[in-house]
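Have a look at the structure below, then the notes.
Keep in mind that what you see is a predicted model, and the values were worked out from it rather than measured.
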Amino acid sequence: MVTELVNMKDGMILAQDSMINPQKQFGLDVLTRITYEYDHPDDGVGKLQKAIVDALNHMIENMCTKAGVFPENIAEIDVAANCTMLHMLLGIDARQIGHAPYQPVFKEAQTIKAQKIGIRAGKETILYCLPSVSSYIGADIVAGAYVCGLQKEKENVLFIDIGTNGEIVLASGGKLLSCSCAAGPALEGMNITCGMRAADGAIEEVHIEQGGVKVQVIGGESPEGFCGSGILSVMKELLRTGIVKKEAISDSDFRSSLIRLNGTKREFIINHDPEIFVTQGDIRQIQLAKGAILSGFLVLLNRAGISMEELSKVLIAGQFGAHLPAESLVGTGILPEFVKDKIIYVGNSSKTGAYMTLMSAKAKREIEILAEDISYMELAETENYERLFTESMIFPGKGREKWKR
């Protein structure tokens, strides 16, 4: 969660704050939080709303203290988030998002008094929630598409926000197509044996060399585990060096000292003290995430009748995406090698979109129109999708370098 306090007279940022979504205690992703609402029909919606509102109040208080501003003087709060999070913020039951036909209670932009849901600001403070396209293409993606000007693109442009869900928008031929793929939390460091969030102590980059393994750690401290970019980096290296393969590695090969058996499963040792390693199960999690994202790309391209080679740009959005080097994206096969030089990082476009609607009534109108113009495709209903997904899980060529024995 990222917030900014803005002077609406001149657009200057007075203060910033961020924190991990406290709803993590109810589930690491939106689907498990929806399940929490199912399991707790009496108070689940209220508890999830209270967690997010309390967090917003905490950040508002921190920013106002830093800037010397009274919370009562806040005129408006604009929010860009995924569709489920907007429901939970407003205290609206999100359970029907979790089952067919996956229809949200609302998709349109919402405008209410902030105090109605317990946000501590002025009595007249407005809360504006940006519009969504569908249950799984939320306001954060609409905001990003608007910031990147996808509605004005004359070329073929692919936009993706990579996280627990991979939300993708393709601009082609004056039309906007979108889909969402369940990448799972592995790319954010979760469901990984030694995974962790991107904080001090998280390994964010890995290099396998003749002399062993070298790691780059956030904060320059001792490694504690992998964040999402770190697990992708080590995956790229395991592929590059041919360690991920069926063939046995001889005892004389330096790589054999980095591998151990745990029963019948192999584990790759990154660090000994503390012990940090990658399991075959971890690799499977990355493989599933890769298959989900790449298959989503291909479905949109097939529907638009264009090939990956015809893309002019690939825009990577979001806080997490900013930490993914092009080498990791193409090295693991999430994107093919030939788009490496077309990748552009656009940062936290969701936050930027919320800033734009905050500052401009025209931007509000345009972003609401844009949400209606984006078409949504359900991947599971696409013909032969299961076969495409299976093919998309295949890693690129392994062991592209020759290693001394």
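Between Glu327 and Arg240 no salt bridge is recorded (no basic side-chain N to carboxylate O distance below 4.0 Å).
With Asn271 contributing its side chain and Ile276 its backbone, the two residues share no donor-acceptor pair below 3.5 Å. The backbone N or O of Ile374 lies less than 3.5 Å from no partner atom in the side chain of Ser178, so there is not a single donor-acceptor pair. Panel note: side chain Asp43, backbone Gly46; no donor-acceptor pair is recorded below 3.5 Å. Without hydrogens or angle criteria, Glu37 side chain to Ala94 main chain gives a donor-acceptor distance under 3.5 Å. Side chain of Tyr136 to backbone of Ile97: a donor-acceptor contact under 3.5 angstrom is found. Judged purely by atom type and a 3.5 angstrom limit, Ser233 has no side-chain atom pairing as donor or acceptor with the backbone of Ser229. The main-chain N or O of Arg387 is never found under 3.5 Å from a side-chain atom of Asn384 such that the two would form a donor-acceptor pair. Using a distance-only test at 3.5 Å, with no hydrogens or angles considered, a donor-acceptor pair links the side chain of Lys290 to the main chain of Ile394. Without hydrogens or angle criteria, Asp17 side chain to Met63 main chain gives no donor-acceptor distance under 3.5 Å. A donor-acceptor contact shorter than 3.5 Å links the side chain of Lys342 to the backbone of Glu309.
A cation-pi contact, defined as under 6.0 Å to the ring centre and within 45° of the axis, links Arg95 to Tyr38.
Side-chain contact between His87 and Pro104: present, with at least one pair of heavy atoms (C-beta onward) separated by less than 4.5 Å. No side-chain heavy atom of Phe389 sits less than 4.5 Å from a side-chain heavy atom of Leu379. A 4.5 Å side-chain heavy-atom check between Leu89 and Leu56 finds at least one atom pair inside the cut-off. For the pair Tyr146 and Thr357, the minimum side-chain heavy-atom distance is 4.5 Å or more. For the pair Leu358 and Glu76, the minimum side-chain heavy-atom distance is below 4.5 Å. The side-chain heavy atoms of Arg33 and Leu48, taken from C-beta on, include a pair separated by under 4.5 Å. Between Thr382 and Leu388 the shortest side-chain heavy-atom distance does not fall below 4.5 Å. The side-chain heavy atoms of Ile259 and Phe268, taken from C-beta on, include a pair separated by under 4.5 Å.
Residue Gln280 qualifies as enclosed at atom CD: its count of foreign heavy atoms under 6.0 Å is above 12. Other residues, nucleotides and ligands place more than 12 heavy atoms under 6.0 Å from the NZ atom of Lys66.
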Fill in: Working for side-chain contact (heavy atoms from CB on, under 4.5 Å), residues Gln287 and Phe395
CA-CA 8 Å; Gln287 193 171 24; Phe395 284 123; 3.8 Å; yes
Item to complete: Using the side-chain contact (heavy atoms from CB on, under 4.5 Å) rule, take Met235 and Val244 through it: C-alpha gap first, then chi angles, then the decisive distance, then the call.
Response: CA-CA 9 Å; Met235 188 71 249; Val244 175; 3.8 Å; yes
Worksheet entry | Check against side-chain contact (heavy atoms from CB on, under 4.5 Å), Arg197 and Ile20 | CA-CA 9 Å; Arg197 69 183 183 89; Ile20 298 296; 3.6 Å; yes
Discussion item. Could you walk me through whether Ile60 and Thr3 satisfy the side-chain contact (heavy atoms from CB on, under 4.5 Å) test, starting with their C-alpha distance in whole Å, then the side-chain angles of each, then the deciding distance to 0.1 Å, before giving a yes or no?
Written reply: CA-CA 8 Å; Ile60 287 169; Thr3 55; over 6 Å; no
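Here CD1 of Ile231 is found 4.5 Å from CD1 of Ile192. Values are rounded to the nearest 0.5 Å. With rounding to the nearest 0.5 angstrom, the OH atom of Tyr128 is 6.5 Å from the NZ atom of Lys364. Of the inter-residue distances, the one linking Thr125 atom OG1 with Ile74 atom CD1 reads 6.0 Å to the nearest 0.5 angstrom. For the atom pair Glu204 CD and Cys227 SG, the distance stands at 6.0 Å (nearest 0.5 Å). Atoms CG and CD1, from Leu329 and Ile316 in turn, are 5.5 Å apart once rounded to the nearest 0.5 Å. Residue Ile269 holds its CD1 atom at 8.5 Å from CG of Leu258, rounded to the nearest 0.5 Å.
Contact detail for Ala139 and Leu130: the closest heavy-atom pair is CB-O, 3.2 Å. The two residues Glu237 and His207 come nearest to each other via the heavy atoms OE1-CA, 3.3 Å. Across all their heavy atoms, Leu158 and Phe297 have their closest contact at CD2-CD2, 3.4 Å. Closest non-hydrogen pair, Gly138 versus Ser132, comes out as CA-OG, 3.5 Å. Summarising the geometry of Lys113 relative to Lys123, their closest heavy-atom pair is CD-O, 3.9 Å, with the distance given to 0.1 Å. Contact record, Met393 with Leu288: SD-CD2, 3.5 Å, taken as the closest heavy-atom pair.
In this model, a donor atom of one side chain and an acceptor atom of the other lie less than 3.5 Å apart for Asn156 and Ser172. Side-chain contact of Asn262 with Glu267: a donor-acceptor pair under 3.5 Å is present, judged by distance alone. Thr65 and Asn62 form no side-chain donor-acceptor contact under 3.5 Å, judged by distance and modelled atom types alone.
Looking at Asp78, Val6, Val147 one by one, the single match for side chain to side chain contact (heavy atoms under 4.5 Å, CB included) with Tyr355 turns out to be Val6.
Ring planes of His40 and Tyr36: parallel class, angle under 30° (limits at 30 and 60°).
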